[in-house]
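Worksheet: the structure to be examined is printed underneath.
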Amino acid sequence: MDPEKEVLPLIGSKEGIAVVYLAFLNSGDIALVPTPAYPVHFNGALLAGGDVYSLPINKENDFSPDFSSVPGEVLKKAKTVLVSYPNNPTAAIASEEFFAETVVFARKYGLILIHDFAYSEITFNGYRPPSLLQTKGAKELGIEFHSLSKTYNMPGWRIGFVVGNGDIIDSIFRVKSYIDFGIFTPIQKAACLALTDSQDCVKEIRQVYQKRRDVLVRGLTELGWEVELPMATMYVWASIPPSYSGMSSLEFSKFLLQKTGVVVSPGIGFGEGGEGFVRFALVADEKKIEKAVRQIGSIL
Ligand SMILES: Cc1ncc(COP(=O)(O)O)c(C=O)c1O
């Protein structure tokens, strides 16, 4: 990457994703966004005055959007396509082939390709997820968002960065220059150190989440709750158990909190494609997760 033109620090990757939409979407333009998704992926487009065309991702389509299903009229107005793997909330991962197909699709329809790679380092059992920028031709039309929040456990510090196509990054920089003055210098210095010093802390963070993942997935599976073992992210995505399938994800999340004290995110918070699911976050230690599983066992 050319550090002058193809890299830009951000006040967290979330900020950058919102700004990319401000930079490129006018009223009536369409953003193609998977559903479910991390909320700024669609809310950012709506705030910028654009429209969102949602592409369902689920177990049936291997959590990959079906680009061939997008109608011609939508494609005429589409300006951006966003993908994000390892994925929040579903914890799905994508192959190098998927990125190659997405680049072909974006090029064919003249779209800006946005990859949110926030969980690039939060991976398990030796899994290494592909970067969009490994894909041939990706830098001609694509940008990739990175976050220090997860990799170095720095969410409150607010620092991330975007890499990729220099012209797209220049537009993000220009819009940002009207909104902010950049990142507090000590935080930038801390981020430089995090990126250049020993990466042992990243290994430790991975191990912490992997152990929590194992405890939660084992516990839920023993209770008969069907969940996949994620290869990355700090989330476990689970469909509402059959005995409660009459409840919406919001109702079920409230019910779970009231009856067991366990907090999960209702799938609907991630868009319509998240209905029928809840997201567990591996933010409590193993003991608390074991306790949470016992409490959940009392209502299943
Ligand atoms: C997919 C995804 N992108 C971006 C972010 C935000 O990251 P940052 O703290 O760098 O703004 C999150 C945080 O939860 C996320 O899950």
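Indexing begins at 1, ligand by ligand and atom by atom, following the structure's order. Quick note: residue numbers are just sequence positions, from 1.
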Query raised in the report: Quick one: does Leu256's side chain get under 4.5 Å of Tyr244's, heavy atoms only?
Result: no
Query raised in the report: Should Pro266 and Phe252 count as side-chain neighbours, where that means a heavy-atom distance under 4.5 Å?
Result: no
If the cut-off is 4.0 Å to any non-hydrogen atom of [X], which atoms of ligand 1 fall inside it?
{"X": "Arg158", "answer": "8 (P), 9 (O), 11 (O)"}
{"X": "Lys150", "answer": "12 (C), 13 (C), 14 (O)"}
{"X": "Ser149", "answer": "8 (P), 9 (O), 10 (O)"}
{"X": "Tyr119", "answer": "1 (C), 13 (C), 14 (O), 15 (C), 16 (O)"}
{"X": "Ser13", "answer": "4 (C), 5 (C), 6 (C), 7 (O), 8 (P), 10 (O), 11 (O)"}

Report task. Just say parallel, tilted or perpendicular for the rings of His115 and Phe117, cut-offs at 30° and 60°. Result ->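 His115 and Phe117: tilted rings.
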Query raised in the report: Between the candidates Ile122, Asp116, Thr233, which shows the shortest non-hydrogen contact distance to atom 2 (C) of ligand 1?
Result: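 It is Asp116 whose heavy atom sits nearest to atom 2 (C) of ligand 1.
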Report task. Would you tell me which option among Gly16, Ser84, Ser147 has the nearest heavy-atom contact to atom 10 (O) of ligand 1? Result ->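 Of the listed residues, Ser147 has the closest heavy atom.
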Query - Check: Tyr119 ring centre within less than 6.0 Å of Tyr235 ring centre - result: yes
Report task. Could you tell me if the ring centre of Phe63 sits under 6.0 Å from that of Trp237? Result -> no
Query raised in the report: When rounded to the nearest 0.5 angstrom, what is the spacing between CD1 in Ile159 and CD in Glu15?
Result: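 The CD1 atom of Ile159 sits 11.0 Å away from the CD atom of Glu15.
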Query raised in the report: For Lys176, does the NZ atom have more than 12 heavy-atom neighbours from other residues, nucleotides or ligands under 6.0 Å away?
Result: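 Enclosed.
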Query raised in the report: If you measure every N/O of His146 against every N/O of ligand 1, is any gap under 3.5 Å?
Result: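 Between His146 and ligand 1 (N or O atoms, distance only) the closest approach is not under 3.5 Å.
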Query raised in the report: In terms of residue, atom name and distance, what is the protein heavy atom nearest to atom 6 (C) of ligand 1?
Result: Tyr38 OH, 3.4 Å
Requested in this report: Please work out whether any backbone atom (N, CA, C, O) or any side-chain heavy atom from C-beta onward of Ala118 is under 4.0 Å from ligand 1, and answer side chain, backbone, both or neither.
Outcome: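 Just the side chain.
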